[in-house]
Amino acid sequence: MGILHDDVVIINQSKNEAEPSVITINCPDKTGLGCDLCRILLCFGLTIVRGDVSTDGKWCYIVFWVIPKPIIKWDTCRWELLKNRLIGTCPSCSSAFGISYYSSELQSSMVTDVFLIKLFCYDRKGLSHDVTAVFSKLELNIKKVKVSTTPVGTVMNLFFVTDTRELLHTKMRQEETYEALVEVMQAAIISCNIEKVGPEVTACSQASPFLSSAITNDVVLRTSNNVSVTMDNSFSPAHTLVQIVCQDHKGLLYDIMRTLKDYNIQISYGRFYLKQGRKCEIDLFITQADGKKIIDPSMQRALSSRLQMELLQPLRVAVVSRGPDTELLVANPVELSSKGRPLVFHDITLALNMLNTCIFLAEIGRHVIGDQEWEVYRVLLDEGTSLSTPRRKIEEGVWKLLMGWEQI
């Protein structure tokens with residue numbers, strides 16, 4: 001007897017905005033499921049304030065307590081969309097329930113079509129953020145971008161995107177995208193063209209010599225956040241207990257889960273609490289892929305060190321000189337499954353808009369730095385506006401918004 005479709009994901013919406021809504025997931029288990037689910041919640045702008053997970057290795061039961069961002073309108077359709085997205089990533093649920101339109105973004109084994117959206121328009125303040133906000137709402141995932149401003153006040157935007165709904169090849173979906181852009185940009189839009197391109201345009205390259213050492217090297221952090229990661233094999237005969245204490249940040253649980261997924265670690269039981277002062281306590285009972293404890297001290301040190309670094313510095317942000325120009329650099333690690341961190345460019349453009357700083361040129365690329373693949377955002381700031389805002393303020397403002405610590 002199979003589980004009913006509506007029972008895979010159950011969402012109990014809070015009637016009070018200050019109280020969390022509760023999302024319950026009951027489905028077959030797989031290594032990395034927690035990472036995929038947390039990634040969806042991050043994509044939807046939800047803050048996880050508490051989490052419980054339990055599994056026997058075959059079936060799992062997960063509960064998230066979440067609070068939406070106040071600036072995002074949550075209606076019945078958005079909650080239903082979230083539910084479909086969560087169901088779509090649960091093992092066997094996609095095929096069992098016929099949800100085929102969603103398999104692209106979260107099924108890493110499939111090759112996703114890449115499309116080029118060539119947008120030519122007149123320049124104005126906040127343009128890049130308005131466009132990325134439209135893409136976010138439409139569930140178009142930006143893989144690479146190049147924004148160029150001309151001397152006559154026009155902008156050529158090249159967005160390489162994938163479509164979560166796998167419909168961008170259709171005329172109806174392309175018209176929906178164009179109409180959404182026109183609604184936001186109005187008379188500023190000159191032309192818009194959408195075409196399919198090869199996946200090689202988003203390929204990774206070696207780290208460019210032009211990347212600042214602030215991005216390519218481990219740097220002294222700008223935060224006083226203390227991260228404690230301890231491992232203990234005495235609490236359970238079958239599991240290694242990992243205890244983490246740290247300050248909360250946007251995507252914290254995602255950062256923990258993606259790290260464990262990259263190490264092929266299985267979580268058997270776990271709890272996440274967000275306490276007063278945004279202090280977080282996480283207890284995880286884990287095993288290796290072979291179902292055994294982590295006994296090897298070198299493996300323990302490697303995993304502990306990686307978790308600590310990912311929680312101290314999930315992103316790298318620097319404002320540097322590039323000849324006579326000022327450049328903002330933001331980098332985040334890419335999952336082994338080749339997925340980048342959600343909504344980074346969206347948050348960068350939002351922060352710059354709030355700082356009254358305009359973008360002259362922007363690029364997204366992937367680079368190998370050390371032994372890890374990174375997604376690197378390079379934003380050349382407009383000379384007129386960048387000079388009026390101190391570099392330190394730009395760097396801290398972008399960092400804090402990406403971390404979800406402070407509204408600028």
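For the pair Leu37/Phe64, a side-chain contact is recorded, criterion being any heavy-atom separation below 4.5 Å from C-beta on. Leu402 has its side chain out of reach of Asn332: every pair of non-hydrogen atoms, C-beta onward, lies at least 4.5 Å apart. Between Arg258 and Pro333, some side-chain heavy-atom pair lies under the 4.5 Å cut-off.
Contacts of Val63 classified as side chain to side chain contact (heavy atoms under 4.5 Å, CB included), with partners at least two apart in sequence or in another chain: Val22, Thr24, Tyr61, Trp65. Looking at residues two or more places apart in sequence or on another chain, you find a salt bridge (Lys or Arg N to Asp or Glu O under 4.0 Å) between Asp262 and Arg306. Under the rule for a salt bridge (Lys or Arg N to Asp or Glu O under 4.0 Å), Asp29 has no partner lying at least two apart in sequence or in another chain. Here Leu42 pairs with Lys250, Tyr254, Pro342 under the side chain to side chain contact (heavy atoms under 4.5 Å, CB included) rule; sequence neighbours left out. Judged as a side chain to side chain contact (heavy atoms under 4.5 Å, CB included), and not counting sequence neighbours, the contacts of Ser191 are Phe120. Residues that satisfy the salt bridge (Lys or Arg N to Asp or Glu O under 4.0 Å) test with Lys15, not counting sequence neighbours, are absent from this structure. Taking Leu158 as the reference, Leu116, Lys118, Lys146, Met156, Phe160 meet the side chain to side chain contact (heavy atoms under 4.5 Å, CB included) condition, with sequence neighbours excluded. By the salt bridge (Lys or Arg N to Asp or Glu O under 4.0 Å) test, Arg301 pairs with no residue at all, sequence neighbours left out. Under the ring-ring contact (aromatic ring centres under 6.0 Å, His included) criterion, Phe135 pairs with Phe159, not counting sequence neighbours.
Of the candidates Thr149, Asn353, Val379, Val155, Ile359 forms a side-chain contact (heavy atoms from CB on, under 4.5 Å) with just one, namely Val379.
Under 4.0 Å is where a charged nitrogen must lie from a carboxylate oxygen, and between Arg392 and Glu395 at least one such pair does. Salt bridge Glu375/Arg341: absent, no basic N to carboxylate O contact under 4.0 Å.
In this structure, the side chain of Glu327 does not engage the main chain of Arg378 through any donor-acceptor pair within 3.5 Å. Although no hydrogens or angles enter the test, the distance criterion places a donor-acceptor pair under 3.5 Å between the side chain of Thr177 and the main chain of Arg173. Distance alone, capped at 3.5 Å, places no donor-acceptor pair between the Thr162 side chain and the Thr112 backbone. Judged purely by atom type and a 3.5 angstrom limit, Ser14 uses its side chain to pair as donor or acceptor with the backbone of Glu19. Here the side chain of Ser304 pairs no donor or acceptor atom with the backbone of Gln300 at under 3.5 angstrom.
For the residue pair Trp59 / Asn26, a side-chain donor-acceptor distance below 3.5 Å is found, with atom types taken as modelled. A donor-acceptor pair shorter than 3.5 Å can be found between the side chains of Gln266 and Thr31.
Nearest heavy atom pair, residue Leu167 against residue Asp163, reads N-OD2, 2.9 Å.
The list of ring pair (Phe, Tyr, Trp, His ring centres under 6.0 Å) pairs with a residue in residues 299-350, not counting sequence neighbours, reads His129-His346. Residue pairs meeting the ring pair (Phe, Tyr, Trp, His ring centres under 6.0 Å) criterion with at least one member in residues 274-331: none, sequence neighbours excluded. The salt bridge (charged side-chain N to carboxylate O under 4.0 Å, His left out) pairs that include a residue from residues 43-55 are Arg50-Asp52, Asp52-Arg271, where partners are two or more places apart or lie in different chains.
Here Thr132 contributes atom OG1 and Asn157 contributes atom CG; the two are 10.5 Å apart, rounded to the nearest 0.5 Å.
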